[in-house]
Protein chains: 2
Amino acid sequence: MNSDFTLAIHSLTFLALQTDRMSTSEAISESAGVHPVRIRKVLSLLKKHGFIKSKEGTGGGFIFVLDLSEVNLWDIYKITSEGALKPKCPDSNENCIVGANMERVLCSIFFGVEEHMGEYLKEYTIKEVVNLVK
Amino acid sequence: MNSDFTLAIHSLTFLALQTDRMSTSEAISESAGVHPVRIRKVLSLLKKHGFIKSKEGTGGGFIFVLDLSEVNLWDIYKITSEGALKPKCPDSNENCIVGANMERVLCSIFFGVEEHMGEYLKEYTIKEVVNLVK
DNA sequence: CGTTCTGTAATAGTAAACATTACAGATAAG
DNA sequence: CTTATCTGTAATGTTTACTATTACAGAACG
């Protein structure tokens with residue numbers, strides 16, 4: 001799994017503490033220790049899903065649109081990393097009963113894991129993450 | 001996450017269908033589509049934890065020791081991949097309240113996720129995986 | 001109309017995963 | 001007692017995934 005999920009959480013938490021004005025991708029990237037372009041890529045996903053809005057040009061940047069308690073970590077996971085737990089099975093042997101069926105079985109198990117994980121992540125909203133950070 | 005976890009499941013499932021004789025790392029690797037050395041590495045972990053035993057030399061290989069319903073996927077996960085969900089946070093900015101605290105917060109959340117996932121994985125034993133494969 | 005931003009593609013660099021080679025040691029069979 | 005077979009493990013090479021960097025078009029604002 002790449003770190004888009006954690007970067008998204010970091011960015012939204014950052015924005016959550018700056019709801020009165022817009023934050024630039026550079027300011028967020030300095031907080032997170034990554035390149036501004038990555039921040040813009042991740043945030044463009046979050047924008048598409050209506051969590052934040054952005055503005056170009058002087059004084060522009062990113063800002064929260066929703067209430068902090070409306071956004072939970074499962075929403076963010078689905079946007080940034082859904083399916084990331086699914087194992088990448090190499091070409092196994094179709095002539096072996098195990099090789100021929102393992103991918104299907106593993107995929108169904110990991111799908112269940114992800115759904116189950118979702119139930120847990122839904123309990124965390126950005127508001128709660130902010131409280132933990134403070 | 002690497003695929004040690006899924007390779008371990010694949011290998012144990014393979015062994016579960018050959019409980020009367022030993023299987024070589026090459027036979028298992030052909031089923032799983034990976035290099036025999038990787039199989040031996042993963043299986044050496046499982047051996048240390050008493051799930052299987054091995055024998056060198058002619059007629060040697062790997063064989064199940066425990067009952068199939070004694071081994072569940074959480075046991076296997078812990079051996080092969082515990083902590084793999086923990087995000088690798090780059091050096092974030094200590095002068096920013098978010099950067100300074102995010103790693104700690106994320107680690108505690110992901111630790112909880114892993115524990116919660118464990119409750120789910122405990123429900124799957126190798127016996128059940130075998131039934132799904134067949 | 002120049003400056004400051006986002007948006008996004010294209011390229012380069014780095015790190016993690018995986019394969020391969022090599023060889024020592026154990027075991028069984030001839 | 002020697003040869004073939006197999007595990008155990010380290011060392012090295014290769015590939016793939018992730019991340020950084022560069023580049024530039026387009027929007028907003030003074």
Side-chain angles (χ1 to χ4, degrees), chain A residues 1-8 10-11 14-15 18 21-65 80-81 83-92, chain B residues 1-8 10-11 14-15 18 21-65 80-81 83-92:
Chain A
M1 184 159 67
N2 65 21
S3 55
D4 284 0
F5 180 41
T6 56
L7 267 184
H10 192 121
S11 300
F14 189 97
L15 294 182
Q18 303 277 332
R21 57 192 151 110
M22 298 200 116
S23 307
T24 68
S25 61
E26 191 175 351
I28 301 170
S29 78
E30 278 173 11
S31 170
V34 299
H35 200 277
V37 171
R38 284 195 67 204
I39 298 292
R40 297 208 286 271
K41 272 184 198 158
V42 172
L43 291 190
S44 82
L45 288 174
L46 298 175
K47 182 189 174 185
K48 275 179 197 155
H49 287 80
F51 295 156
I52 58 176
K53 66 179 179 187
S54 69
K55 200 167 68 174
E56 305 181 2
T58 307
F62 301 89
I63 196 164
F64 235 111
V65 169
T80 58
S81 305
L85 289 184
K86 203 187 89 177
K88 40 186 176 328
C89 294
D91 296 337
S92 51
Chain B
M1 187 159 64
N2 65 21
S3 56
D4 284 0
F5 179 42
T6 56
L7 268 183
H10 192 121
S11 301
F14 188 97
L15 295 181
Q18 302 279 331
R21 58 191 150 110
M22 299 200 115
S23 306
T24 68
S25 61
E26 190 175 353
I28 301 169
S29 78
E30 277 173 10
S31 169
V34 298
H35 201 276
V37 172
R38 283 194 69 203
I39 298 292
R40 297 207 286 272
K41 273 184 197 159
V42 171
L43 291 190
S44 82
L45 287 173
L46 298 175
K47 183 189 174 185
K48 275 178 197 156
H49 287 79
F51 294 156
I52 58 175
K53 66 179 178 186
S54 69
K55 200 167 67 172
E56 305 182 2
T58 309
F62 301 89
I63 197 165
F64 235 110
V65 169
T80 57
S81 304
L85 289 185
K86 203 188 90 177
K88 40 185 175 329
C89 295
D91 296 337
S92 51

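Keep in mind that what you see is a predicted model, and the values were worked out from it rather than measured. Computed over heavy atoms, backbone and side chain alike; hydrogens, waters and symmetry mates excluded.
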- Kindly say if B/Thr24 contacts the phosphate of D/dT7, meaning a side-chain N or O under 4.0 Å from OP1 or OP2. no
- Message: Under a 3.5 Å distance rule, please check whether A/His35 uses its side chain to pair with a backbone N or O of A/Val37 as donor and acceptor.
- Response: yes
- Note on the structure: Of A/Ser44 and A/Thr58, the one whose nearest nucleotide on DNA chain C sits closer to the 5' end is A/Thr58
- Message: Distance check, rounded to the nearest 0.5 Å: B/Phe14 atom CZ versus B/Leu7 atom CG?
- Response: 13.0 Å
- A/Asp4 CG to D/dC18 P, straight-line distance once rounded to whole Å: 9 Å
- Relative to the 5' end of DNA chain D, which residue comes earlier, A/Ser3 or A/Gly57, by the nucleotide with the nearest heavy atom? A/Ser3
- Task: Could you state the atom-to-atom distance from CZ of A/Phe62 to P of C/dT4 in whole Å?
- Result: 18 Å
- Query: Rounded to the nearest Å, what distance is computed from the CD atom of residue A/Glu26 to the P atom of nucleotide D/dA20?
  - Reply: 14 Å
- Task: Just call it for B/Lys47: base, sugar-phosphate, or nothing, with non-hydrogen atoms closer than 4.0 Å on any strand.
- Result: sugar-phosphate
- Message: Does a side-chain N or O of A/Ser54 approach OP1 or OP2 of C/dG7 to a distance below 4.0 Å, or not?
- Response: yes
- Task: Among C/dT6, D/dT7, C/dT20, find the nucleotide with the atom closest to the side chain of A/Ser25.
- Result: C/dT6
- Item | Sole residue of A/Ser11, A/Ser23, A/Ser25 in side-chain contact (heavy atoms from CB on, under 4.5 Å) with A/Phe62 | A/Ser25
- Query: For B/Lys88, which contact category applies under a 4.0 Å heavy-atom criterion: base, sugar-phosphate, or nothing?
  - Reply: nothing
- Whole-Å gap separating C1' (D/dC6) and NZ (B/Lys53): 16 Å
- Task: Output, in order, the C-alpha distance, side-chain angles, deciding distance and verdict of side-chain contact (heavy atoms from CB on, under 4.5 Å) for B/Ile63 and B/Arg21.
- Result: CA-CA 7 Å; B/Ile63 197 165; B/Arg21 58 191 150 110; 5.7 Å; no
- Message: Evaluate A/Arg38 against A/Ser3 for side chain to side chain donor-acceptor pair (under 3.5 Å), listing each step before the verdict.
- Response: CA-CA 10 Å; A/Arg38 284 195 67 204; A/Ser3 55; 3.1 Å; yes
- Stems of at least 3 consecutive Watson-Crick or G-U wobble pairs (donor-acceptor distances under 3.5 Å) involving DNA chain D, listed by first number, are C:1-30 with D:1-30
- Name the closest nucleotide to the B/Lys41 side chain, picking from D/dT7, C/dA19, D/dA20. C/dA19
- A/Glu56, nearest nucleotide to its side chain (from C/dA26, D/dA27, C/dT21): D/dA27
- Task: Starting at NZ of A/Lys47, measure out to CZ of A/Arg40 and round the result to the nearest 0.5 Å.
- Result: 12.5 Å
- Among D/dT9, C/dA10, C/dT6, the nucleotide that comes nearest once only the side chain of B/Arg40 is considered: D/dT9
- Query: Nearest of C/dT8, C/dA19, C/dT6 to any side-chain atom of A/Val37?
  - Reply: C/dT8
- So which nucleotide from D/dT7, D/dA28, C/dA19 ends up closest to the side chain of B/Arg38? C/dA19
- Task: Kindly indicate whether the side chain of A/His10, heavy atoms from C-beta on, has any atom under 4.5 Å from the side chain of A/Thr6.
- Result: no
- Task: Please report, rounded to the nearest Å, how far the C1' atom of C/dT6 is from the NE2 atom of A/His35.
- Result: 14 Å
- Whole-Å distance separating the CG atom of A/Leu43 from the P atom of C/dT6: 9 Å
- Pairwise distance CZ(B/Phe64) to CG(B/Leu46) - rounded to 0.5 angstrom: 8.5 Å
- Message: Rounded to whole Å, how long is the line connecting atom CE of A/Met22 with atom P of D/dA28?
- Response: 11 Å
- Give a yes/no on whether any side-chain N or O of A/Lys55 is located under 4.0 angstrom from OP1 or OP2 of C/dT4. no
- Item | Value in whole Å for how far the C1' atom of C/dG7 lies from CG of A/Leu46 | 15 Å
